[in-house]
Amino acid sequence: MKIVIAEKPSVGRELAKVFGATTKKDGYIEGKGYSFTWAFGHLLQLAPPQEYGFIGWRRQHLPMLPKKFKLGIRKIKTKDGLVEDPGVRKQLDIIKKLFDEATEIIVATDAGREGELIFRYIYYFLKCKKPFKRLWISSQTDEAIKEGFRNLKPGTDYDTLFNSAHCRSESDWLVGMNATQALSISAGSRSVLSLGRVQTPTLAMICSRFLEIKNFVPQLYYQLAIQLDKDGQLFKAISVNNFDKKEEAEELFAKIEDVAAGFPNGGKILTVEAKPRKEPPPLLHDLSSLQQEANKRKGFTADQTLNLLQGLYESKLVTYPRTGSRYIGDDVFAGVPNLIDKLKDHKDFGKQADFLSTATLNKRSVNAKKVTDHHAILPTGESPYQLSGDKQAIYDMVVGRMLEAFHQECIKEITKITIEAGSVFMANGTVIRSAGWRSVFNESDDDKKDEENPSLPKVKAGEELPIVNKALLEKQTKPKSLYNEASLLKALETSGKDIEDEELRYAMKDSGLGTPATRAAIIETLINREYIVREKRNLVPTTKGLAVYDVVKDQKIAQAELTGQWEKRLEEIRSGASVADFKAEITDYTRTITNELLQSGTGLAEKFAKEEKPAEKVS
DNA sequence: GCAAGGTC
């Protein structure tokens with residue numbers, strides 16, 4: 001019997017279907033000489049410190065540097081504390097039984113670093129010695145799967161990939177566990193002060209933005225505004241220059257020759273520029289972009305959106321949700337017209353679906369090279385039935401985005417008129433000539449509200465128009481906004497782009513901080529630690545969060561660059577570089593950060609202890 | 001009591 005092991009049940013079932021295996025067993029599917037089984041993501045995790053004899057949180061244990069890491073079955077939180085997840089235990093038993101019977105093992109976990117690790121941890125935990133082959137595919141279509149099985153690779157081809165994954169895993173443990181205990185202990189062990197490669201830079205981003213706003217000193221500046229009259233149609237123009245000094249603005253303001261002051265034709269048109277601007281449709285959604293949209297439209301947290309989407313996925317209404325790709329391959333694209341056809345009766349989108357069913361579909365989101373482990377989120381074509389309001393809202397965002405993505409460009413006409421009236425003024429106007437994809441949700445531009453001139457009158461250069469109103473505007477420079485979940489998710493995705501070092505920036509170009517699957521959990525962790533709170537839709541640091549930030553802000557652990565450095569080294573390991581060198585570096589860094597935190601955390605608790613409620617102090 | 005990673 002050949003055993004195929006997938007990362008998750010949905011993929012295992014899909015593979016079984018392609019082979020025509022139909023006998024459903026508990027935890028696997030059998031048929032045609034194969035058994036198809038699966039994990040549920042990581043079934044195993046690195047054992048916690050106490051399993052190496054580091055009982056209790058004690059200064060003398062630090063740094064904790066296990067000679068050899070142990071694996072343990074994934075735990076879940078219950079009222080009795082952490083216990084082995086019974087579902088995971090059961091599935092591992094099933095996998096063990098199948099491996100024992102296997103004549104051949106075929107690894108079909110996701111084609112990536114973590115997919116490799118998911119399998120290898122199971123394989124080594126079960127002490128399996130049988131050789132295995134690797135299925136490596138980036139598309140789950142029947143043809144891609146068949147082709148992949150005709151081209152199975154020797155398992156050992158991916159040994160270096162496993163090495164890099166293994167290093168990632170152990171390094172996160174070493175740095176995270178040690179830094180967390182070091183800071184918590186030196187601050188007086190009153191509460192858990194967690195630190196980690198991802199959560200701490202994320203906290204730092206939130207805190208530094210908050211402080212930047214708090215310390216922001218608004219600057220006054222002045223603008224001049226005039227209103228002109230073209231044959232009865234009024235429109236507004238603003239001075240091109242801003243003025244720091246009020247006197248300067250007042251001087252120019254006095255020179256504006258308006259009707260009230262006895263000048264019937266005070267504004268002279270200098271230039272008129274009208275050009276069309278084409279807006280391509282947005283790309284299909286990946287998890288992050290959908291979380292951002294759901295946060296903006298409905299105020300859902302990243303975690304809520306992920307849960308709703310997981311529910312839709314389990315009901316087979318949408319494709320795999322934790323994807324980082326906004327593209328689909330040509331094979332998936334071939335099924336899109338059929339998906340669109342099924343929406344013709346939809347109450348909101350029917351008309352657009354009808355239109356698209358005869359139009360040429362835009363292929364901006366079609367690019368097989370940009371499909372990584374999973375493609376962009378699409379509806380499956382199954383008909384939803386009695387969804388909850390929130391689920392329906394998410395489902396509609398997926399469906400609506402699909403229609404948008406394959407729709408036509410939106411064509412706008414942008415008009416710019418410059419006017420001389422003592423100084424130079426400019427009027428901007430935007431008119432939508434052809435709504436294209438924007439007709440799906442029929443909403444105006446959500447990013448920027450265009451100035452008050454939706455459409456400007458037809459004027460010609462050289463024309464002189466009466467100025468019917470003028471105003472001297474006093475304005476203030478504004479600080480950046482606080483992070484909310486949408487802007488934070490975006491910042492996490494792109495955090496690598498701000499890195500100055502070119503190599504580190506390159507190493508992070510496809511990753512950012514965290515992964516699509518983990519970012520929602522990171523936000524929740526920061527909230528659970530009482531480092532940040534939600535205030536309306538904003539994410540605001542607490543006194544505790546700011547105090548922790550103050551201790552670590554100049555340390556490597558608070559910089560996104562740390563992930564960049566790791567990614568660069570991990571990629572080198574994948575290409576065959578020494579594992580021992582990297583491990584030595586990490587061990588070294590673990591010692592350094594642990595010692596530093598044991599010193600610098602002293603006195604930290606006093607900074608926020610008074611803010612804590614008595615009930616929380618007791619524990 | 002603790003990381004980050006994956007998933008139900």
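When reading the values below, keep in mind they use all heavy atoms of this one structure, side chains included, and skip hydrogens, waters and symmetry mates. The model shown is predicted, which means the values in this text are computed figures rather than measured ones. To find a chain, count down the sequence lines: A is the first, B the second, and so on, and within it residues start at 1.
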Heavy atoms within less than 4.0 Å of DNA chain B: which residues of residues 155-169 of chain A have one? Give them sorted by number.
A:Arg168, A:Ser169

Just to confirm, is there a sub-4.0 Å distance from OP1 or OP2 of B:dG5 to any side-chain nitrogen or oxygen of A:Thr518?
yes

Between A:Ser194 and B:dA3, does any side-chain N or O lie under 4.0 Å from OP1 or OP2?
yes

Using a 4.0 Å heavy-atom cut-off, does A:Val192 contact any base of the nucleic acid, only the sugar-phosphate backbone, or nothing at all?
base

Rounded to the Å, how far apart are A:Leu193 CG and B:dA3 C1'?
15 Å

Which residues share a side-chain contact (heavy atoms from CB on, under 4.5 Å) with A:Glu114, sequence neighbours left out:
A:His42, A:Leu117, A:Arg168

Could you check which residues of residues 46-55 of chain A get a heavy atom under 4.0 Å from DNA chain B? Sort them by number, please.
A:Leu46, A:Pro48, A:Pro49, A:Gln50

Counting the atoms with a prime plus P, OP1 and OP2 as sugar-phosphate, which does A:Gly514 contact under 4.0 Å by heavy atoms, base, sugar-phosphate, or nothing?
sugar-phosphate

Which class fits the ring pair A:Tyr158 and A:Trp136: parallel under 30°, tilted 30 to 60°, perpendicular over 60°?
parallel

Using only side-chain N and O atoms of A:Arg197, determine if any of them is under 4.0 Å from OP1 or OP2 of B:dG5.
yes

Short question: side chain of A:Ser35, backbone of A:Gly31 - any donor-acceptor pair under 3.5 Å?
no

Distance, rounded to the nearest Å, where A:Phe69 contributes CZ and B:dA4 contributes P
14 Å

If you only use heavy atoms from C-beta on, which nucleotide in B:dT7, B:dG5, B:dA3 is closest to the side chain of A:Thr525?
B:dA3

On DNA chain B, does the nearest nucleotide to A:Phe40 precede the nearest nucleotide to A:Leu82 from the 5' side, or the other way round? Give the residue.
A:Leu82

Candidate nucleotides B:dT7, B:dG5, B:dA3, ranked by approach to the side chain of A:His374 - the nearest
B:dT7

Indicate whether OP1 or OP2 belonging to B:dG5 is found under 4.0 Å from a side-chain N or O atom of A:Arg120.
no

Output yes when A:Asp85 and A:Arg89 qualify as a salt bridge under the 4.0 Å nitrogen-oxygen rule, no when they do not.
no

Just to verify, what does A:Ser575 make a side-chain contact (heavy atoms from CB on, under 4.5 Å) with, not counting sequence neighbours?
A:Glu571

Has A:Gln199 got a side-chain N or O lying under 4.0 Å from the OP1 or OP2 atom of B:dA4?
yes

Quick one: does any side-chain atom of A:Thr200 pair with a main-chain N or O of A:Arg197 as donor and acceptor, under 3.5 Å?
no

Considering every strand and a 4.0 Å limit on heavy-atom distances, what is the contact class for A:Asp110: base, sugar-phosphate, or nothing?
sugar-phosphate

Could you walk me through whether A:Ile593 and A:Gln555 pass the side-chain contact (heavy atoms from CB on, under 4.5 Å) check?
CA-CA 8 Å; A:Ile593 182 87; A:Gln555 307 263 18; 4.0 Å; yes

So A:Tyr124 and A:Phe162, would you call those rings parallel, tilted or perpendicular, with 30° and 60° as cut-offs?
tilted

Return the value, rounded to whole Å, for the distance between atom CG of A:Asn528 and atom P of B:dA3.
10 Å

Nearest whole angstrom, please: distance from the C1' of B:dA4 to the CG of A:Leu174.
13 Å

A:Ile522 side-chain proximity, nearest of B:dG5, B:dC2, B:dT7
B:dG5

All side-chain contact (heavy atoms from CB on, under 4.5 Å) counterparts of A:Lys370, not counting sequence neighbours:
A:Tyr327, A:Asn367

Main chain of A:Glu116, side chain of A:Glu7: is a donor-acceptor contact present, judged purely on distance under 3.5 Å?
no

Nearest whole Å is fine: how far is B:dT7 P from A:Leu44 CG?
15 Å

Nearest to the A:Tyr320 side chain among B:dG5, B:dG1, B:dT7, which nucleotide is it?
B:dT7

Of the nucleotides B:dA4, B:dC2, B:dC8, which has the atom closest to the A:Lys77 side chain?
B:dC2

Testing B:dA4, B:dC2, B:dC8 for proximity to the side chain of A:Gln310, the answer is B:dC8

Closest to the A:Pro9 side chain: B:dC2, B:dT7, B:dG5?
B:dT7

Does a distance-only test, which skips hydrogens and angles, find a donor-acceptor pair under 3.5 Å between the side chain of A:Glu314 and the base of B:dC8?
no

Using 30° and 60° as the class limits, which term best fits the ring planes of A:Phe19 and A:Tyr34: parallel, tilted or perpendicular?
tilted

Atom-to-atom span, CD of A:Glu524 to P of B:dG5 - whole angstrom:
16 Å

Over how many whole Å does the gap from A:Arg519 atom CZ to B:dG5 atom P extend?
9 Å

Mapping A:Arg529 and A:Tyr313 to their closest nucleotides on DNA chain B, which lands nearer the 5' end?
A:Arg529

Residue set satisfying side-chain contact (heavy atoms from CB on, under 4.5 Å) with A:Leu65, at least two apart, ordered chain then number -> A:Pro63, A:Leu174, A:Thr587, A:Thr590, A:Arg591

Aromatic ring of A:Trp173 stacked on base six-ring of B:dA4, 5.5 Å, 30°
no

Specify the separation, in whole Å, of atom CZ of A:Arg322 and atom P of B:dC8.
5 Å

Looking at B:dG1, I'd like to know if its phosphate oxygens (OP1 or OP2) sit under 4.0 Å from a side-chain N or O belonging to A:Gln181.
no

